[in-house]
Amino acid sequence: MPELPEVEVTRRRIEPLLVGRRIAKVGTTKPSYFFLTPPKRLARELRGAVVRSLERRGKYLLAHLAGGRQLLLHLGMTGQLFAAGATSVRLFSAERRASLRPEDQPGFVPDRHTHLRLEFDDGGPAIFFRDVRKFGKVRLLEPGQSDPRLDLLGVDALEVTGAQLFAATRGRKVAVKSVLLAQDVVAGVGNIYADEALFLAHVRPTRSAGKLTRAEAEALAKALHQVLLRSIETGGSSISDYVAPDGSDGAYQDERRVYARAGEPCSVCGTKLRRTVIGARSTVFCPSCQR
DNA sequence: ACCGCACCCTGAGCGC
DNA sequence: TGCGCTCAGGGTGCGG
């Protein structure tokens, strides 16, 4: 589940592998929910394109192409963006993993989940976009064209202030966690980092957003920055599918305090962590530390 | 305006 | 070596 840190780590590591190279050939799978721009058109239009820079907005990646066009990417739930030569068992199905011997270090071979393959005229490593569940997205934007998904994004979670969180939550009855997940107030936070930040800020995820105090809003902004920056430092969280562009795992999952730890003792007070569901998302909190 | 929920998708894990 | 079921969840869209 790539969230801001995983997307940012991907951006930092794949940008140097992408910028300045001319796309010579594009491979795609067949039309699906994944392709906001139909795959045939995408392949045709990307041929000859050169990427100038790679930007992150919330959980979106935006590749700026020479000439002003932009390629919009979202990794969804299970998206993996990586370079040829990457090796990781996360790039294979369980079935394929089971047939591998421990000493095997198989290179990646595009499979039916590899929806985008970019080859370059320099003959160097290709770039792949693989996404098993197809919740990811790819769209080509013409010069000056905007996308409603980007236009609706709130303040980037690394920049958000307590004052902004406080103002945006006034009059809102929904659970504070729902506000964090919605992307229109704060962009980039998903299920893992919402739970982690709320834990650090001592705020119970179910709390009505409008009841946050100024101090709690400040604490929450600070906790978001702390959790997200630390995760970026450690390479993101590799819990199920996420791998960096070289195939390596992140390490933040080892520092998780609450996410997917229901039933375990709280790392601060020892109370058994409790699970609930908010907006159809599994949610874990410490009933003692978070009020 | 706001809120809750169904839906898009596939694979892992589990009970029988 | 099966089969059916549930769960996982980012983002969108719809009905109340």
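Values below: all heavy atoms of this structure, side chains included; hydrogens, waters and symmetry mates excluded. Lettering of chains follows the sequences in order, A, B, ..., and the numbering in each one begins at 1.
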- Give a yes or no on this: more than 12 heavy atoms of other residues, nucleotides or ligands lie within 6.0 Å of atom CZ of A:Arg117. yes
- Go through the side-chain N and O atoms of A:Gln290 and A:His202 and say whether any donor and acceptor fall under 3.5 Å apart. no
- Task: Determine to 10° how strongly the helix from B:dC2-C:dG16 to B:dC16-C:dG2 is bent, judged from the axes of its five-pair ends.
- Result: 50°
- Query: What integer distance in Å separates A:Arg170:CZ from B:dA1:C1'?
  - Reply: 17 Å
- Query: Do A:Glu218 and A:Lys222 sit within salt-bridge range, that is, some charged N less than 4.0 Å from a carboxylate O?
  - Reply: no
- salt bridge (charged side-chain N to carboxylate O under 4.0 Å, His left out) filter on A:Asp121, not counting sequence neighbours, yields A:Arg22
- Euclidean distance, atom CZ of residue A:Arg130 to atom P of B:dT10 [Å, nearest integer]: 13 Å
- Task: Ignoring the backbone of A:Arg133, work out which of B:dT10, B:dC8, B:dC2 is nearest its side chain.
- Result: B:dT10
- Task: Assess A:Arg21 against A:Phe120: is NZ or CZ under 6.0 Å from the centre of the six-membered ring, and within 45 degrees of the ring's axis?
- Result: yes
- Can you tell me how far P of C:dG9 sits from CG of A:Asp131, to the nearest Å? 16 Å
- Message: In this structure, how many angstroms lie between the C1' atom of B:dC9 and the CD atom of A:Gln80, rounded?
- Response: 15 Å
- Could you say whether A:Lys134 or A:Ser178 is positioned toward the 5' end of DNA chain B, judged by the nucleotide with the nearest heavy atom to each? A:Ser178
- Message: Check this one for me: any side-chain N or O of A:His113 less than 4.0 Å away from OP1 or OP2 of B:dG11?
- Response: yes
- Using whole Å, report how far CZ of A:Arg275 lies from C1' of C:dG9. 12 Å
- Task: Using a 4.5 Å cut-off on heavy atoms from C-beta on, say whether the side chain of A:Leu150 contacts that of A:Leu72.
- Result: yes
- Task: Go through the steps for A:His225 and A:Val160 under the test side-chain contact (heavy atoms from CB on, under 4.5 Å), then give the verdict.
- Result: CA-CA 8 Å; A:His225 302 162; A:Val160 76; 4.0 Å; yes
- note: A:Asp184, atom CG; B:dA1, atom P; distance rounded to Å ~ 12 Å
- Message: Contact between A:Val138 and A:Phe35 at the side-chain level, heavy atoms closer than 4.5 Å - yes or no?
- Response: yes
- Query: Looking for any heavy atom pair under 4.0 Å, which part of the strands does A:Ser32 touch: base, sugar-phosphate only, or nothing?
  - Reply: nothing
- Task: Nearest whole angstrom, please: distance from the C1' of B:dT10 to the CZ of A:Phe135.
- Result: 8 Å
- Message: Is there a side-chain contact between A:Glu8 and A:Leu228 in this structure, where contact means two heavy atoms from C-beta onward sitting under 4.5 Å apart?
- Response: no
- Query: Does a nitrogen or oxygen in the side chain of A:Tyr259 sit under 4.0 Å from OP1 or OP2 of C:dG9?
  - Reply: yes
- Item | Distance in angstrom units between A:Leu75 CG and B:dC8 C1', rounded | 17 Å
- Task: Could you run through nucleotides 11-16 of chain C and give me one letter per nucleotide, 5' to 3': B if any protein heavy atom sits under 4.0 Å from the base, S if only the sugar-phosphate is that close, - if neither?
- Result: BS----
